[in-house]
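Following: one structure in structure tokens, then a few remarks.
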Amino acid sequence: MIHLTDTLSLPSVSLSGFDSPLTEDEVALQSMVHRFARDVMRPIGRELDAMSAEDVIAAQSPYWSAMQEAAALGLDPGLLAQIDSPAGRVESLIGEELGWGDAGLAVSIAAGSFPLEMAKASGKQELIDLCEGKIGCWVITQPDRGSDSINLYTKEMHPGTTQVKGNLTAKVQGDEIVINGQCAAWVSNGAVAQVALCYIAADYGDGFERDDCLTNGSAIIVPLDLPGVSRGRPLDKIGQRALPQGEIYFDNVRVPKRFAVAGKDDYHANLAATWSYAGTHMCQVFTGVARSAFELALAYCHERKQGGVPLMEHQLTRFRIGDMLRRLEMTRASARRTLEFARFSPQKHPHVTAQGKVSVTEEAMKIVHEAFQLFGANGTSKEYPIEKIYRDTRSALIEDGENYMLTVRLGLTASMLYQEGWTQD
């Protein structure tokens, strides 16, 4: 039914834009995380951004207090599931607020939970106890095995080639798995993690290669205080400097075979599930990052004068702000849809999650770029936070899978679906 009024009110808007009405529980949770993002993540993120990579992980670094306060929030997925809310919305609200606070810390918080979430999915209480209360990381990328590490189909390989086993390998020997080599410096939390969820090529006694040209693999939860584990220098990088990344070296590291959560027969399916889970966090986080850039630009355009009037009085500025807001709403919608598919679809797929990550980070970059332009020369100064947000967002176009490569994989999936009968009558 259409409701008529005598006066036209402005639209309802919340922290997360033009949302359908939130429940009391949702509002309370969103407000709690927003305060943490505003009062803890933003100031600490700016402080860490100005520090060297070595100082970020030092014992007295504010990074540790940020992670402790994040843990104290108690944002356990099991607890959140008890809140009466449309599918996935609570998780989206939380991820967006964390991204609004600081991209690097938001990614660190999310990556830190990976081993524990996989331990819970495996149902192995020993592994749950091993990961509880610890900062984790996801070891998958290697110096010579980047995009190749997430090949799921033979069609992703050129004819006549085989998947490289990379720089980090495992040999399954009796009741032990022996790990040798190194991961790449890009592993999120690699410089600080206490436990790792490792996806690596594995030899079960008959070599690394399978008949379909892909490698055998093993997914293993590895305590990083075992003999033979060492670290490289933390990575010095352009953006997300609050996220400690770095190499981890393994020299004949012996792990009980029971610490494996996937083996020869289910490795690729397990990898696909984890990859589907990972990309959804990037979607929510960079929706929040884009929102932070939009809000900064909107405020600046009301303060900065050009031609004797605030920038916002110029028609072109209104168009640019309107276009940014339109893109932000589209970004949020894509992020939530991607999350819902990854969590609740009966047949999820990582390439679908990946396209969400691509769509969100590409649109976020456009919003951040436009905000940067509106700040003019001031935007290039470290005095203004948009400069840091620009660097943080630029990293996201490569992080968690380079966007062009992920889009190629989505195209392959579309082709395979078509060949199986995905057609319009």
*Among residues two or more places apart or on two chains, list those pairs meeting salt bridge (charged side-chain N to carboxylate O under 4.0 Å, His left out) that have a residue in residues 197-213.*
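The answer is Asp206-Lys264, Arg210-Asp212.
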*If you look only at pairs with a residue in residues 19-28, which of them pass as a salt bridge (charged side-chain N to carboxylate O under 4.0 Å, His left out), with sequence neighbours excluded?*
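Residue pairs passing salt bridge (charged side-chain N to carboxylate O under 4.0 Å, His left out), neighbours aside: Asp19-Arg336, Glu26-Arg89.
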Answer yes or no: is there a donor N or O on one side and an acceptor on the other, between the side chain of [X] and the main chain of [Y], under 3.5 Å?
X	Y	answer
Asp392	Gly239	no
Lys124	Ala260	yes
Ser359	Gly356	no
Lys237	Ser395	no
Ser31	Val27	yes
Asn167	Asp144	yes
Ser415	Gly411	no

With sequence neighbours left out, which residue pairs that include part of [range] fulfil the ring-ring contact (aromatic ring centres under 6.0 Å, His included) condition?
range	answer
residues 105-125	Phe114-Trp138, Phe114-Tyr277
residues 390-414	Phe372-Tyr390
residues 154-197	none

A quick test of your reading: do over 12 heavy atoms of other residues, nucleotides or ligands sit less than 6.0 Å from [atom1] of [X]?
X	atom1	answer
Lys165	NZ	no
Arg394	CZ	no
Arg391	CZ	yes
Arg326	CZ	yes
Phe344	CZ	yes
Met32	CE	yes

_ring pair (Phe, Tyr, Trp, His ring centres under 6.0 Å) involving His268 - partner list, sequence neighbours excluded_ =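 His268 satisfies ring pair (Phe, Tyr, Trp, His ring centres under 6.0 Å) with no residue once adjacent residues are dropped.
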_Applying ring pair (Phe, Tyr, Trp, His ring centres under 6.0 Å), can you list everything that pairs with Tyr300, at least two apart in sequence or on another chain?_
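For Tyr300 the ring pair (Phe, Tyr, Trp, His ring centres under 6.0 Å) partners, ignoring immediate neighbours, are Phe375.
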Taking all atoms of both residues into account, what is the closest heavy-atom pair of [X] and [Y], and its distance?
X	Y	answer
Gly190	Cys137	N-CB, 4.3 Å
Ser188	Ala111	CB-CB, 4.1 Å
Thr353	Ala342	OG1-CB, 3.8 Å
Tyr204	Ala262	OH-O, 4.4 Å
Ile389	Thr393	O-OG1, 2.7 Å
Gln284	Ser92	OE1-OG, 3.1 Å

Side-chain atoms of residues 171-180: list all donor-acceptor pairs with protein atoms under 3.5 Å, sequence neighbours left out, distances to 0.1 Å.
unit_1	atom_1	unit_2	atom_2	d
Glu176	OE1	Arg254	NH1	2.9
Asn180	OD1	Asn252	N	2.7
Asn180	ND2	Asn252	OD1	3.1

For [X], side chain to side chain contact (heavy atoms under 4.5 Å, CB included) partners two or more places apart:
X	value
Asp39	Arg35
Met51	Glu47, Leu48, Asp55, Val56, Ser61, Pro62
Arg291	Leu15, His34, Glu96, Glu97, Trp100, Glu295, Leu328, Arg332
Pro43	Arg46

Flag the pair [X] / [Y] as yes when at least one side-chain heavy-atom distance between them is below 4.5 Å, and no otherwise.
X	Y	value
Glu399	Val107	yes
Phe259	Leu127	yes
Leu75	Ile109	no
Asp323	Lys366	no
Asp148	Gln142	no
Val192	Trp64	yes
Leu224	Gln194	no
Ser334	Cys283	no

*Hey, is Arg343 close enough to Glu91 for a salt bridge, meaning N to O under 4.0 Å?*
yes
*Decide, yes or no, whether a salt bridge links Arg241 with Asp236 under the criterion of side-chain N to carboxylate O below 4.0 Å.*
yes
*His351 vs Tyr153 aromatic rings, parallel, tilted or perpendicular, using cut-offs 30° and 60°?*
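Ring orientation of His351 relative to Tyr153: perpendicular.
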*Given side-chain contact (heavy atoms from CB on, under 4.5 Å), test Val229 with Phe250 step by step and report yes or no.*
CA-CA 5 Å; Val229 175; Phe250 300 81; 4.2 Å; yes
*Please say which of Ile140, Thr215, Leu168 ends up in a side chain to side chain contact (heavy atoms under 4.5 Å, CB included) with Arg145.*
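Among Ile140, Thr215, Leu168, the one meeting side chain to side chain contact (heavy atoms under 4.5 Å, CB included) with Arg145 is Thr215.
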*Test side chain to side chain contact (heavy atoms under 4.5 Å, CB included) applied to Thr361 and Thr331, Asn403, Leu406, the passing residue*: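 The side chain to side chain contact (heavy atoms under 4.5 Å, CB included) with Thr361 is passed solely by Asn403 among Thr331, Asn403, Leu406.
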*To the nearest 0.5 Å, tell me how far Gln68 CD sits from Leu73 CG.*
12.5 Å
*Picking from Gln240, Lys388, Arg42, what satisfies side chain to side chain donor-acceptor pair (under 3.5 Å) with Asp102?*
Lys388
